[in-house]
Structure formats: structure tokens, C-alpha cells
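All values below were derived from every heavy atom in this structure, side-chain atoms included, with hydrogens, water molecules and symmetry-related copies excluded. Since we're looking at a predicted model, the values are computed, not measured.
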Amino acid sequence: MKELSVTISNSHVDNKKEIKIPEIINLLQDIEGIHINELDEFNKFLIKENVGVFLMYREVNIITKPKFSDKVTLSTYPFQTNSVSGYRHIYLRDQDNNILVNSTAFGAFINLDTYLPVRVPKDIIKTIGDKEKDPDIIIEPRKIDFNDSLLKYTGSITVRKSHIDRYNHLNNAHYITFALDFLEEINFDKIRAEYKKAFLIGDIIKMYKELLGDKTIVVFKNELDEIYTVIEFSKNK
């Protein structure tokens, strides 16, 4: 378990003084990365073998958006980790320990040169400190369904230097930013994201959307119409 205290400040909020959705994603990524870096034996293995933990799926449930000057606590722990992949829960809580946001992420262990899966030795996995899955969180399937023939083109954008993360990939929070910037105002409190391939600097992203009941689905394709990422915005029932 890893915890981190944060005060919601200027860079986090919009003109309503509420946290921006991409900033929620950034906070989730921050606590995940800090925790992985502090898992001593596991992190030593990642560095020695040139391995990264690649996010393949994330779902986020937004119960209440924190506001400017709110003091919040982030916490995270892994569960169901095996030699090639694993899950983790991430929580954002207020000072009274109420959950404001919860998220479940699924990551795979990938060689940074070959982009092929890597098996982490069992003795290293044991040092991670897996906990139990939260019984109150229902994890949806990692594959997001949509109808390709119903997709409508919404716009294109080029990946710039400022969009790149430490793996030289498009930072996961920018997918949310790009999607929301190209959509009309939508009402949602749940996000699902399926990451298939990573965009790199200079790549041109083509975005398409589909309205499926109360869901808005945004599909990210490259210039060859290959699907890289699928994002789903919806309302919790």
C-alpha cells in the first residue's frame, strides 16, 4: 500500500474550481509510478531487464470531484499480479476518508526494446505485496465494444513533444484531454480506457466517436486506420 497527500491547486482545476478529468488521471498515474518505483526488488528487475509496466486497461469511477484547495489522499495497492501482468486499485479520498474517485488499472510487463511480453520471476512477484481485490468494485471486461461502421470522424491531432511520457509514448491522460476537447458537452462519471498500441511523437491521431445509449465511445486510429485506443464515457447506474 502506498499513500500520498495532495492539495488540489491551480494546475489541477478548471474555471469552476473543480478538478479537471485529465488531472484525475495524472494523479492516478503519479501514485502508481511512485509506488512501483518504491518496490525495491521489482524495480531493480525492471531496470536491469529494461522492462516497463504498460497500462493496458483502466476504469475510473468519479463519485465527487474535489475542488480548489481541498486536501486529498491518494492510495494504491496491487492485486492478482502474475508473471506477465497485474491489477491495482487506486483511491482518491477526502479528509474524512470518503472515497471521491476509485480506479482499477491493468498493466503488462513489456520489454522496452522489443515490445514483447516479459515474464517476471515468481520470487520477484512475491516481493510486490499483493492484496485482495476490493469486493465493492465491479471490474468490467477489458475489451470495449463498439460498431466500427457507426463511427463518426471528429478530428485529428499530431502528437507533440509536450504530449510524451517517460516511455516516449503519448501520455495516457492526453487521450482523455483529446477526446473531451473534440466532444460536445457530455454527462459522465465513469471512464473505461482500452490501450492497444502507443502513439509516438509525430504520429497523427484520427478520432472517431459513437453514441451507444448513454455511452459515448471515442476510438483513436492512426493514418492507416489501425485502432490504437478506445475510450468509453458513461454514467454509473
Side-chain angles (χ1 to χ4, degrees), residues 1-40 42-43 46 52-55 57-79 86-107 128-134 136-137 139 160-167 169-181 183 185-193 195 231-236:
M1 170 79 79
K2 175 66 179 178
E3 292 190 348
L4 179 69
S5 296
V6 176
T7 299
I8 303 303
S9 52
N10 288 322
S11 63
H12 297 122
V13 299
D14 58 19
N15 57 359
K16 297 177 183 177
K17 295 185 179 181
E18 292 182 334
I19 193 168
K20 294 176 282 191
I21 301 300
E23 292 305 323
I24 292 177
I25 305 301
N26 277 326
L27 289 176
L28 300 176
Q29 293 185 129
D30 287 348
I31 186 71
E32 291 165 1
I34 291 169
H35 189 214
I36 290 170
N37 193 60
E38 292 180 358
L39 296 172
D40 191 47
F42 180 62
N43 194 51
L46 297 182
V53 182
F54 282 19
L55 182 68
Y57 175 78
R58 182 190 296 283
E59 58 184 58
V60 183
N61 297 290
I62 304 165
I63 297 117
T64 304
K65 289 183 184 178
K67 297 184 177 181
F68 178 73
S69 80
D70 285 353
K71 298 183 186 304
V72 299
T73 300
L74 289 153
S75 61
T76 186
Y77 63 84
F79 67 98
Y87 285 88
R88 67 170 51 240
H89 289 313
I90 313 94
Y91 304 89
L92 184 63
R93 290 181 169 90
D94 65 15
Q95 288 184 291
D96 296 319
N97 209 37
N98 298 307
I99 296 175
L100 306 176
V101 175
N102 70 57
S103 177
T104 302
F106 174 80
I128 289 176
D130 255 16
K131 297 187 179 297
E132 295 296 318
K133 175 192 172 296
D134 187 333
D136 294 327
I137 295 179
I139 303 173
R160 307 294 187 189
K161 286 189 295 184
S162 60
H163 300 144
I164 296 302
D165 66 13
R166 67 190 179 102
Y167 291 137
H169 298 165
L170 176 63
N171 186 299
N172 293 313
H174 286 306
Y175 289 94
I176 307 299
T177 300
F178 296 164
L180 293 176
D181 280 349
L183 290 173
E185 197 72 27
I186 57 173
N187 186 20
F188 67 92
D189 58 15
K190 184 180 183 71
I191 302 169
R192 295 171 65 214
Y195 300 99
I231 309 286
E232 177 190 279
F233 302 93
S234 65
K235 287 287 290 181
N236 276 297

Side chains of Q29 and N172: any donor to acceptor distance under 3.5 Å? yes
Do any N or O atoms from the side chain of T76 and from the backbone of I31 form a donor-acceptor pair under 3.5 angstrom? no
Looking only at heavy atoms, what is the nearest atom pair of I19 and E23, with distance? CG1-CB, 3.9 Å
Hey, are D189 and K235 close enough for a salt bridge, meaning a charged N less than 4.0 Å from a carboxylate O? yes
Parallel, tilted or perpendicular: which fits the ring planes of H169 and Y167, with parallel below 30° and perpendicular above 60°? tilted
Keeping Y91 on the side-chain end and N98 on the backbone end, is there a donor-acceptor pair under 3.5 Å? no
Evaluate side-chain contact (heavy atoms from CB on, under 4.5 Å) for I176 paired with I231, printing each intermediate quantity in order. CA-CA 8 Å; I176 307 299; I231 309 286; 4.0 Å; yes
Heavy-atom check, side chain of I8 versus side chain of V72, under 4.5 Å: yes
Side chain to side chain, I186 and L183, heavy atoms closer than 4.5 Å: yes
Is the shortest side-chain heavy-atom distance between I36 and V53 below 4.5 Å? yes
Show the numbers, then the answer: is there a side-chain contact (heavy atoms from CB on, under 4.5 Å) between Y57 and T104? CA-CA 8 Å; Y57 175 78; T104 302; 6.0 Å; no
Looking only at non-hydrogen atoms, find the nearest pair between Y77 and K131 and report the distance. CD1-CB, 3.5 Å
Cut-off 3.5 Å, no hydrogens considered: what does the side-chain donor-acceptor table look like for residues 61-69, sequence neighbours left out?
| from | atom 1 | to | atom 2 | distance (Å) |
| --- | --- | --- | --- | --- |
| N61 | OD1 | K190 | NZ | 3.1 |
| N61 | OD1 | N236 | ND2 | 3.2 |
| N61 | ND2 | N102 | OD1 | 2.9 |

Heavy atoms of D165 and L170 approach each other most closely as OD2-O, 4.1 Å
For H35 versus R88, what's the shortest heavy-atom pair and its separation? ND1-NH1, 3.0 Å
Closest approach of R93 and S75, non-hydrogen atoms and distance? NH1-OG, 3.0 Å
Pairs flagged by salt bridge (Lys or Arg N to Asp or Glu O under 4.0 Å) wherever residues 24-37 is involved - sequence neighbours left out: E32-R58
Which residues share a salt bridge (Lys or Arg N to Asp or Glu O under 4.0 Å) with D130, sequence neighbours left out: none
Could you go through N10 and H12, starting from their C-alpha distance and side-chain angles, then the distance that decides it, and tell me whether this counts as side-chain contact (heavy atoms from CB on, under 4.5 Å)? CA-CA 5 Å; N10 288 322; H12 297 122; over 6 Å; no
Counting distance only, does the side-chain N/O of H89 pair as donor-acceptor with the main-chain N or O of K133 below 3.5 Å? no
Show the nearest heavy-atom pair for residues A173 and P22, with the distance to one decimal. CB-O, 3.8 Å
What verdict does the side-chain contact (heavy atoms from CB on, under 4.5 Å) test give for N26 and N171, after you've listed the backbone C-alpha separation in whole Å, the side-chain angles of each residue and the deciding distance to 0.1 Å? CA-CA 9 Å; N26 277 326; N171 186 299; 3.9 Å; yes
For the CG atom of L92 and the OG1 atom of T73, what is their distance to the nearest 0.5 Å? 8.5 Å
